[in-house]
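Note that this is a predicted model, so its numbers are computed, not measured.
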Amino acid sequence: MSNVLRIARKELSSFFASPAAFIFIGVFLAVSLFIFFWVERFFARNIADVRPLFDWMPILLIFLISAMTMRMWSEERRSGTLEFLMTTPVTPLELVLGKFLACFMLVGIALALTLPVPITVSLVGPLDWGPVVGCYVATLALAAAYISIGLFISARTDNQVVSLILTTLVCGIFYLLGSQALTGLFGNAGGETLRLVGSGSRFESIARGVIDLRDIYYYLSIFGVFLVLNLYALESVRWSATGREKRHWQWRLAALLVGANLIAANLWLGQLSWARADLTAGNIYSISKATKTYLGQLQEPLLIRGYFSSETHPLLAPLVPRLRDLLKEYEIAGKGKVRVEIIDPMHEPALEADRF
């Protein structure tokens, strides 16, 4: 563990020795605050919450973490120091964990600098801290998954630009898989499967203030799979240097088995619907057993449409996000039998007319 901390401290100090860390944190804060106050119009919404600060976080983290991780291994490969590192007494696992911890700490520092926002909002109005905690937990979990992806891709190329593009592409695919624009094309069952795979849909579930063991493990499994792939990529460098062939197939088999088990555990945990905690004040997203029983007895798919206008009266506007999230809980409890559509009648008059 001491070697991991030394490597993390070295990488973190190299970040702050150059403008890279300050640019990362500065851009992160500037874009986050711009979205919160300008794009999402915090003062016009008349709602004391910080959800808009995190609604764009899955997309924002893709670009920022891609830029942060692109040089971690690519620079080592380009300068030729990677082969030297593989001959030191430090193990590949310690190298990977050290670089990961440095990136994760940098993201943690950036998130810590956003804490004045919820503190200020709590002084303006009654802020429910449950969803705030959920948003920060979801962001850290998502960041861990993205960082592991970026480190693996960086270990496979000596070109930082290629690493940046590929990391953005892979993380973007994980996000798009669970997006509403894609899930709506595959019906109830297909859409539900895509939502389980998508990183953005999992993020939304935690950000509501509902901590689900399945969502947390989903991010941990991504981290574990790409950690194993990163170790395998480093070991392949050692093979090219030593020329040993006997253990190559053993490493490949071990990496395949570990990765397969990490992924398969998501299927097993998918049955544990009780392993979740509602952090909201009053447990507003906890559905009763009777309601779950009724949803489980549905013989045909149930479509629930919520009509919420962007021009809702200011006194009713605070209820809209809560009702929207509650409908999402019914969709989750329906296990593929319930589909929820949120419609703005001002933008979709044809669908608005279908309710009659």
Side-chain angles (χ1 to χ4, degrees), residues 11 15 20-21 23-25 27-29 31-32 35 53-75 96-97 99-111 114 135-183 193-207 214-233 259 262-263 266:
E11 293 293 339
F15 268 125
I23 293 175
F24 170 80
I25 295 175
V27 170
F28 177 84
L29 293 177
V31 175
S32 298
I35 291 174
L53 182 65
F54 294 91
D55 283 343
W56 292 76
M57 199 63 70
I59 300 177
L60 182 60
L61 285 179
I62 291 175
F63 298 100
L64 295 181
I65 290 180
S66 297
M68 181 176 59
T69 59
M70 68 178 184
R71 57 169 291 274
M72 298 302 291
W73 291 114
S74 298
E75 182 64 21
V96 173
L97 291 179
K99 287 181 177 290
F100 168 83
L101 185 59
C103 296
F104 191 74
M105 291 173 64
L106 188 59
V107 174
I109 292 172
L111 284 177
T114 65
C135 287
Y136 279 103
V137 171
T139 302
L140 290 174
L142 181 62
Y146 283 171
I147 290 171
S148 64
I149 294 173
L151 288 178
F152 164 67
I153 295 177
S154 180
R156 299 299 300 175
T157 177
D158 58 358
N159 191 312
Q160 296 185 27
V161 176
V162 172
S163 176
L164 172 67
I165 295 174
L166 290 180
T167 302
T168 303
L169 180 62
V170 173
C171 294
I173 290 175
F174 270 102
Y175 172 77
L176 290 175
L177 285 176
S179 64
Q180 189 173 3
L182 188 61
T183 56
T193 302
L194 290 176
R195 277 189 288 271
L196 293 176
V197 179
S199 60
S201 55
R202 297 276 191 169
F203 182 91
E204 293 175 0
S205 179
I206 305 176
R214 295 169 295 183
D215 296 331
I216 297 297
Y217 180 78
Y218 165 79
Y219 292 117
L220 292 179
S221 64
I222 294 179
F223 164 72
V225 168
F226 283 94
L227 173 66
V228 172
L229 292 176
N230 200 338
L231 289 173
Y232 178 78
L262 288 170
I263 296 173
N266 283 285

Within this structure, what is the [atom1]-[atom2] distance for the pair [X] and [Y], rounded to the nearest 0.5 Å?
| X | Y | atom1 | atom2 | answer |
| --- | --- | --- | --- | --- |
| Ile25 | Leu64 | CD1 | CG | 11.0 Å |
| Met68 | Ile147 | CE | CD1 | 4.5 Å |
| Ile222 | Leu262 | CD1 | CG | 11.0 Å |
| Cys171 | Leu176 | SG | CG | 11.0 Å |
| Phe100 | Glu11 | CZ | CD | 14.0 Å |
| Leu169 | Ile149 | CG | CD1 | 11.0 Å |

* To do: Tell me, with the steps shown, if Thr69 and Tyr146 meet side chain to side chain contact (heavy atoms under 4.5 Å, CB included).
  => CA-CA 9 Å; Thr69 59; Tyr146 283 171; over 6 Å; no

With heavy-atom distances below 4.5 Å as the criterion, would you say the side chains of [X] and [Y] are in contact?
| X | Y | answer |
| --- | --- | --- |
| Gln160 | Leu164 | no |
| Thr157 | Trp73 | no |
| Ile206 | Ile216 | yes |
| Leu29 | Thr114 | yes |

Tell me every residue that passes ring pair (Phe, Tyr, Trp, His ring centres under 6.0 Å) with [X], counting only those two or more places apart in sequence or in another chain.
| X | answer |
| --- | --- |
| Tyr175 | none |
| Phe63 | none |
| Tyr136 | Phe54 |
| Phe152 | Phe226 |

* Asked: Is it true that a side-chain atom of Lys99 and a backbone atom of Leu151 form a donor plus acceptor pair closer than 3.5 Å?
  ->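 No: the side chain of Lys99 does not pair with the backbone of Leu151.
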
* Asked: So, does Tyr219 use its side chain to make a donor-acceptor pair with the main chain of Ala138 at under 3.5 Å?
  -> no

* Step by step, would you call Phe203 with Thr139 a side chain to side chain contact (heavy atoms under 4.5 Å, CB included)? -> CA-CA 8 Å; Phe203 182 91; Thr139 302; 3.6 Å; yes

* Asked: Step by step, would you call Cys103 with Ile65 a side chain to side chain contact (heavy atoms under 4.5 Å, CB included)?
  -> CA-CA 8 Å; Cys103 296; Ile65 290 180; over 6 Å; no

* Residues in side-chain hydrogen bond (donor to acceptor under 3.5 Å, both in side chains) with Ser74, at least two apart? -> Ser154

* Asked: side-chain hydrogen bond (donor to acceptor under 3.5 Å, both in side chains) with Asn230: which residues, sequence neighbours excluded?
  -> none

* **Check: Phe24 ring centroid to Phe15 ring centroid under 6.0 Å** =>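 Ring centres of Phe15 and Phe24 not closer than 6.0 Å.
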
* Structure fact -> Ile62 and Ser66 have their tightest heavy-atom pair at O-OG, 2.5 Å

* Asked: After noting the C-alpha distance and the side-chain angles of Phe104 and Leu140, does the key distance pass the side chain to side chain contact (heavy atoms under 4.5 Å, CB included) rule?
  -> CA-CA 8 Å; Phe104 191 74; Leu140 290 174; 4.0 Å; yes

